[in-house]
There are 2 protein chains.
Amino acid sequence: MTAPTPSDTAAAFERHDHSHCAGAVMQAAEGRARAEGLRLTPVRRRVLEILLEEHRALGAYDILDRLKAEGFGHQPPVAYRALDFLVEHGLAHRIRRLNAFAACMHPDTDHAPAFFICAQCSAVAESAATPLRDAAQAAGLAIGFTIERVTIEAIGTCPACHPGTAPSPQVPS
Amino acid sequence: MTAPTPSDTAAAFERHDHSHCAGAVMQAAEGRARAEGLRLTPVRRRVLEILLEEHRALGAYDILDRLKAEGFGHQPPVAYRALDFLVEHGLAHRIRRLNAFAACMHPDTDHAPAFFICAQCSAVAESAATPLRDAAQAAGLAIGFTIERVTIEAIGTCPACHPGTAPSPQVPS
DNA sequence: TTGCGAAGTGTTATAATAGTACATTTCGCA
DNA sequence: TGCGAAATGTACTATTATAACACTTCGCAA
């Protein structure tokens, strides 16, 4: 059970060895799939891999283009179904502000994530949001509302895109 | 400066005199428009009125239908432009989870709203989310991310739809 | 008061995102 | 081996959102 730390989250905005972190996450995802009897079929696995390779939020049709090119089905439901599966089982997240999807970077943690989206370079970092979820829970309680899930998406500027800081955005998009 | 209180927010989920609260909000919006030199033109004003009359989140095309029927333009940009204006100036909010828009119920308050969306009856309550915004701010700081805006949307069950509580949903939709 | 530039409105057309319905195949397992 | 459930592939459609451009209206300065 590796809980995400602030430095994990910060790492998402820094240059790092994608293939390494992607590999680790993929292994964790496979472990979870085995443990819970999820069927990580070729399409689903490939979609997760694509998300991990890109290491950013991708639209369903971006994914679909890749799938087509690799000989999978070429109609929208192919992508949406795989994405729905991944999201439902916590292996990917939907980023509503972007109408896009990103691989979950902590699939072995039961977490309530928040997302930090850079308006400049559209990099996305996923962060544990337990305090935020608790605050929301409390606010809900005060008005008699029972919360199932909370979407928390912050838009702003990532460290790499701050003027006077690191020069070039990591994900030009 | 009327700050929203938990009981204001709770009221959103209870039967109440819409025409009264809508009227008050409309007046507040007009006040703001005058004060800030915003042009609350017929289309814009009408869109805000529609949102207030319905007192729930409406899709852009729902709005467009009403506008058509009332002799305004009948192409999507007519609705989207008015909605964009209202959102930009804080007179309405976009609810991303629903791909919909709702009138801001506290247009005279500078606020960071959170939304509570009932999965059963799709009623939406707007609540002040200062603690959540602060928590997000802190989380962002920890990773060097500067937050511009945060979207907070909770999905769950409103008081009226709780089993064993009040019987009928207020907004059947 | 005229007339200029900016803002607003309306229209056509199209893009981008998402889902329904149904036939076929594959998988797990009795 | 073969049954039922799950997964896949396809055609088709629905929903949400923008781009581009012509025309009108508004605020304001000469």
Side-chain angles (χ1 to χ4, degrees), chain A residues 33-51 56-89 91-102 117 122 151 153 173, chain B residues 33-51 56-89 91-102 117 122 151 153 173:
Chain A
R34 250 192 316 277
E36 300 180 24
L38 307 179
R39 289 175 56 189
L40 206 51
T41 61
V43 213
R44 292 168 178 175
R45 158 184 274 277
R46 190 65 196 115
V47 169
L48 182 52
E49 284 172 1
I50 291 170
L51 288 175
R56 62 190 177 97
L58 291 176
Y61 282 76
D62 296 331
I63 305 260
L64 183 56
D65 287 342
R66 311 271 306 247
L67 292 178
K68 281 196 244 201
E70 296 177 18
F72 292 97
H74 48 289
Q75 297 296 329
V78 173
Y80 279 106
R81 278 194 293 234
L83 288 165
D84 286 348
F85 172 89
L86 295 173
V87 168
E88 189 173 342
H89 294 95
L91 301 176
H93 299 292
R94 182 170 205 153
I95 318 265
R96 305 211 80 110
R97 177 173 289 270
L98 301 176
N99 289 328
F101 301 81
I117 306 163
S122 49
T151 303
E153 297 176 0
S173 162
Chain B
R34 249 193 315 277
E36 299 179 24
L38 308 179
R39 289 176 57 189
L40 204 51
T41 62
V43 212
R44 292 168 176 174
R45 156 184 274 277
R46 190 65 196 117
V47 169
L48 182 52
E49 284 172 1
I50 291 170
L51 288 174
R56 61 190 179 98
L58 291 176
Y61 282 75
D62 296 330
I63 305 262
L64 183 57
D65 287 342
R66 311 271 306 244
L67 291 178
K68 283 195 242 201
E70 297 177 16
F72 293 97
H74 48 290
Q75 298 298 327
V78 172
Y80 280 103
R81 279 194 293 235
L83 288 166
D84 286 348
F85 172 89
L86 295 173
V87 168
E88 189 173 341
H89 294 94
L91 301 177
H93 298 293
R94 181 170 205 152
I95 319 265
R96 304 209 82 109
R97 178 172 288 269
L98 302 176
N99 289 328
F101 301 82
I117 305 163
S122 49
T151 302
E153 297 176 0
S173 163

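Numbers restart at 1 for each chain; the letters A, B, ... are given by sequence-line order, proteins then strands.
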| query | With sequence neighbours left out, what residues match B:Tyr80 under ring pair (Phe, Tyr, Trp, His ring centres under 6.0 Å)? | reply | none
| salt bridge (Lys or Arg N to Asp or Glu O under 4.0 Å): pairs with one or both residues in residues 91-101 of chain A, sequence neighbours excluded | none
| Does A:His74 place a side-chain N or O at less than 4.0 Å from the phosphate oxygens OP1/OP2 of D:dT10? | yes
| query | Between A:Ala57 and A:Ala102, what is the shortest heavy-atom contact and its length? | reply | CA-CB, 4.2 Å
| note | With sequence neighbours left out, the residues meeting salt bridge (charged side-chain N to carboxylate O under 4.0 Å, His left out) with A:Glu36 are A:Arg32
| request: Looking only at non-hydrogen atoms, find the nearest pair between B:Leu86 and B:Val47 and report the distance. | output: CD1-CG1, 3.7 Å
| Which is the 5'-most and which the 3'-most nucleotide of DNA chain C that has an atom under 4.0 Å from a heavy atom of chain B? | C:dA7 to C:dT12
| remark: In whole angstroms, the gap separating P of D:dT10 from CG of A:Leu64 amounts to 10 Å
| Shortest non-hydrogen contact between A:Glu153 and A:Ile117, atoms and distance | CB-CD1, 4.3 Å
| query | In whole angstrom, what separates A:Leu38's CG from D:dA6's C1'? | reply | 13 Å
| request: Determine, step by step, whether B:Leu51 and B:Ile63 satisfy the side-chain contact (heavy atoms from CB on, under 4.5 Å) criterion, reporting the C-alpha distance in whole Å, the side-chain angles of both residues, the deciding distance to 0.1 Å, and the verdict. | output: CA-CA 8 Å; B:Leu51 288 174; B:Ile63 305 262; 3.6 Å; yes
List every contact pair, protein side and nucleotides 24-26 of chain D side both N or O, where the distance is under 3.5 Å.
none

| task | State whether the side chain of A:Arg56 and the backbone N or O of A:Ser122 hold a donor-acceptor pair below 3.5 Å, judged by distance alone. | result | no
| query | Mind checking what makes side-chain contact (heavy atoms from CB on, under 4.5 Å) contact with A:Arg81, not counting sequence neighbours? | reply | A:Pro77
Please table the atom pairs, donor to acceptor, closer than 3.5 Å between any side-chain atom in residues 66-74 of chain A and protein atoms at least two apart or in another chain.
{"from": "A:Arg66", "atom 1": "NH1", "to": "A:Glu54", "atom 2": "OE2", "distance (Å)": "2.7"}
{"from": "A:Arg66", "atom 1": "NH2", "to": "A:Glu53", "atom 2": "OE1", "distance (Å)": "3.3"}
{"from": "A:Glu70", "atom 1": "OE1", "to": "A:Arg46", "atom 2": "NE", "distance (Å)": "2.6"}
{"from": "A:Glu70", "atom 1": "OE2", "to": "A:Arg46", "atom 2": "NE", "distance (Å)": "3.4"}
{"from": "A:Glu70", "atom 1": "OE2", "to": "A:Arg46", "atom 2": "NH2", "distance (Å)": "3.1"}

Taking only N/O atoms, report every protein-nucleotides 15-18 of chain D pair under 3.5 Å with atom names and distance.
{"from": "D:dA17", "atom 1": "OP1", "to": "B:Arg94", "atom 2": "NH2", "distance (Å)": "2.6"}
{"from": "D:dA17", "atom 1": "OP2", "to": "B:Tyr80", "atom 2": "OH", "distance (Å)": "2.9"}
{"from": "D:dA17", "atom 1": "O5'", "to": "B:Tyr80", "atom 2": "OH", "distance (Å)": "3.4"}
{"from": "D:dA17", "atom 1": "N7", "to": "B:Tyr61", "atom 2": "OH", "distance (Å)": "2.6"}
{"from": "D:dA17", "atom 1": "N6", "to": "B:Tyr61", "atom 2": "OH", "distance (Å)": "3.2"}

| Just to confirm, is there a sub-4.0 Å distance from OP1 or OP2 of D:dA7 to any side-chain nitrogen or oxygen of A:Arg81? | no
| said: What is the separation between atom CZ on A:Phe72 and atom P on D:dA7, rounded to the nearest whole Å? | reply: 15 Å
| remark: With sequence neighbours left out, the residues meeting ring pair (Phe, Tyr, Trp, His ring centres under 6.0 Å) with B:His89 are B:Phe85
